[in-house]
Every structure is written in structure tokens, then in C-alpha cells.
Amino acid sequence: MQPRIFIIDDDKELCEEITEILSGEGYSVNAAYDGLKGKKIIENGNYDLLILDIKLPGLNGFEVLKSIRGKNIKIKIIIISGRPKNTSLMDENKIQKKIYIDEETTLKLADAVISKPFDIKIMLEKVRELLKL
């Protein structure tokens, strides 16, 4: 049986590219382009792996990630994000510090984090590793 992968990213072109590559590797791949729709599909679907962007319309990736983990949905999750870590936020003010710490804590709920732009070979290695292939 083919491992099932779901992608949530608002960059349709990137989703199409990743889908094409993963499909070529023998995976069954579907995608959504906003966090709210993607979260509903994941909650009702039976996927083995989620590739999740952080900056999304509807619900952001942090909210999607927390919701999925809060419902104990058995799925491996790779976060892909072009959002840089900015440790200087910790010194600016308490609100920014809380946001930064909350985001860092949430990221720990993922099985892997890959920064954009990424080498597709690295993503494929991480997918194989998480799916134990």
C-alpha cells in the first residue's frame, strides 16, 4: 500500500512540484492551500505524513500543528518554512518573547523542520526516514 502524504502550503506551484516529485517516488499525494481546509482534511483523512508550511491563510501552521497533536492524530509532520528564527525578538519586549517561545515550543511538536528554500534530496531523505522506507 502506498504511503499517503498531505501537503498544506499556500504556494500552489511549490505544492505541484513537491506532489510531482513525491508521486514519482511512489507516494500518494494530496494538497490544500489554506490551513483551515487542510486541518479538516487531515482530521477526516488517513494520511501517514503531513508537509506543513507555517504562513498560511485561514489557520497558520502553528495552529494546525497544535490542533493535530491535540487530537492525537497519528501522523508524522514535517514543517517547511522560510520564516527565520529571530532570537533578537526575545530582547525587544515581553509580548514578542512570548510569541517566540510559543512558536519554538510548538515546532517541537513536529517530527522535522526544513527551511525554505530546501534541497529536494533532503526532503526525500526526511520523508523516507519518517515513513521508515
Side-chain angles (χ1 to χ4, degrees):
M1 188 167 155
Q2 286 181 315
R4 297 186 68 213
I5 299 174
F6 195 75
I7 304 167
I8 306 174
D9 195 316
D10 60 336
D11 183 338
K12 291 181 183 180
E13 188 176 317
L14 178 64
C15 284
E16 289 170 4
E17 290 175 16
I18 294 172
T19 297
E20 186 176 321
I21 291 165
L22 291 173
S23 294
E25 294 287 318
Y27 301 106
S28 173
V29 185
N30 297 99
Y33 309 113
D34 72 78
L36 189 56
K37 181 178 180 183
K39 180 180 92 71
K40 287 179 183 176
I41 292 170
I42 286 294
E43 289 174 350
N44 296 316
N46 186 21
Y47 290 91
D48 302 297
L49 177 73
L50 171 63
I51 297 172
L52 176 65
D53 189 20
I54 295 297
K55 289 180 70 175
L56 296 167
L59 291 175
N60 69 43
F62 293 115
E63 294 167 315
V64 173
L65 178 60
K66 284 193 278 189
S67 176
I68 290 168
R69 291 302 190 220
K71 293 181 179 182
N72 290 321
I73 296 169
K74 302 293 182 209
I75 189 170
K76 299 291 184 178
I77 300 175
I78 298 175
I79 295 289
I80 55 172
S81 178
R83 186 180 208 169
K85 292 182 181 179
N86 186 351
T87 53
S88 67
L89 290 177
M90 296 181 75
D91 301 323
E92 289 179 16
N93 62 51
K94 289 182 180 181
I95 294 171
Q96 289 293 342
K97 182 176 180 181
K98 179 174 177 9
I99 291 169
Y100 178 79
I101 290 169
D102 288 349
E103 289 177 358
E104 287 296 301
T105 301
T106 301
L107 283 175
K108 291 178 183 174
L109 297 174
D111 296 287
V113 178
I114 300 174
S115 297
K116 289 181 185 177
F118 54 85
D119 181 330
I120 195 63
K121 291 177 186 174
I122 292 171
M123 173 171 276
L124 286 172
E125 286 175 19
K126 193 53 69 177
V127 167
R128 287 185 197 110
E129 175 188 323
L130 292 175
L131 295 175
K132 305 282 191 245
L133 300 175

Phe62 to Asn60 - nearest heavy-atom pair and separation: N-OD1, 2.8 Å
So do the side chains of Leu124 and Leu22 get within less than 4.5 Å of each other, counting heavy atoms only? yes
My understanding is that only one of Leu109, Leu50, Leu52 makes a side-chain contact (heavy atoms from CB on, under 4.5 Å) with Ile68; could you say which? Leu50
Using 0.5 Å steps for rounding, measure from the NZ atom of Lys126 to the CG atom of Leu49. 11.0 Å
Over all atoms of both residues, closest heavy-atom pair of Ile8 and Ile42: CD1-CG1, 4.5 Å
Could you give the distance from CG (Leu131) to NZ (Lys76), rounded to the nearest 0.5 Å? 9.0 Å
Flag yes if Ile75 and Ile41 sit in one hydrophobic cluster, no otherwise; membership is Ile, Leu, Val, Met, Phe, Trp, Tyr, and two members link when side-chain heavy atoms are under 4.5 Å apart. yes
Quick one: closest heavy-atom pair of Pro3 and Asp48, and the distance? CA-OD2, 3.3 Å
Count I, L, V, M, F, W, Y as connected when their side-chain heavy atoms are under 4.5 Å apart, and connections chain through other members. Are Ile77 and Ile122 then in the same cluster? no
Test side chain to side chain contact (heavy atoms under 4.5 Å, CB included) on Glu63 and Leu56 and set out the steps. CA-CA 10 Å; Glu63 294 167 315; Leu56 296 167; over 6 Å; no
Please say yes or no: joined through hydrophobic side-chain contacts below 4.5 Å, possibly via intermediate residues, are Val113 and Leu65 part of one cluster? yes
Is a side-chain donor-acceptor pair under 3.5 Å present for Asn30 with Tyr47? yes
Let me check something: do Ile73 and Ile79 share a hydrophobic cluster, defined by ILVMFWY side-chain heavy atoms less than 4.5 Å apart, either directly or through other members? yes
Would Leu14 and Lys116 count as a side chain to side chain contact (heavy atoms under 4.5 Å, CB included) here? Give the steps. CA-CA 11 Å; Leu14 178 64; Lys116 289 181 185 177; 3.8 Å; yes
Sole residue of Lys74, Arg69, Lys132 in salt bridge (charged side-chain N to carboxylate O under 4.0 Å, His left out) with Asp111: Arg69
Do the non-hydrogen side-chain atoms of Asp11 and Asp53 ever get within less than 4.5 Å of each other? no
Any idea which heavy atoms bring Leu130 and Ala112 closest together, and the distance? CD1-CB, 4.3 Å
When you compare the side chain of Asp9 with that of Ile51, does any pair of heavy atoms fall below 4.5 Å? no
Residues Val127, Tyr27; criterion side chain to side chain contact (heavy atoms under 4.5 Å, CB included); working and verdict: CA-CA 10 Å; Val127 167; Tyr27 301 106; 3.7 Å; yes
If every non-hydrogen atom of Ile18 is compared with every non-hydrogen atom of Met123, which pair is closest and at what distance? CG2-SD, 4.2 Å
Between Gln2 and Gly26, which heavy-atom pair has the shortest distance, and what is it? NE2-O, 3.1 Å
Taking 4.0 angstrom as the limit, do Glu43 and Lys39 come out as a salt bridge? yes
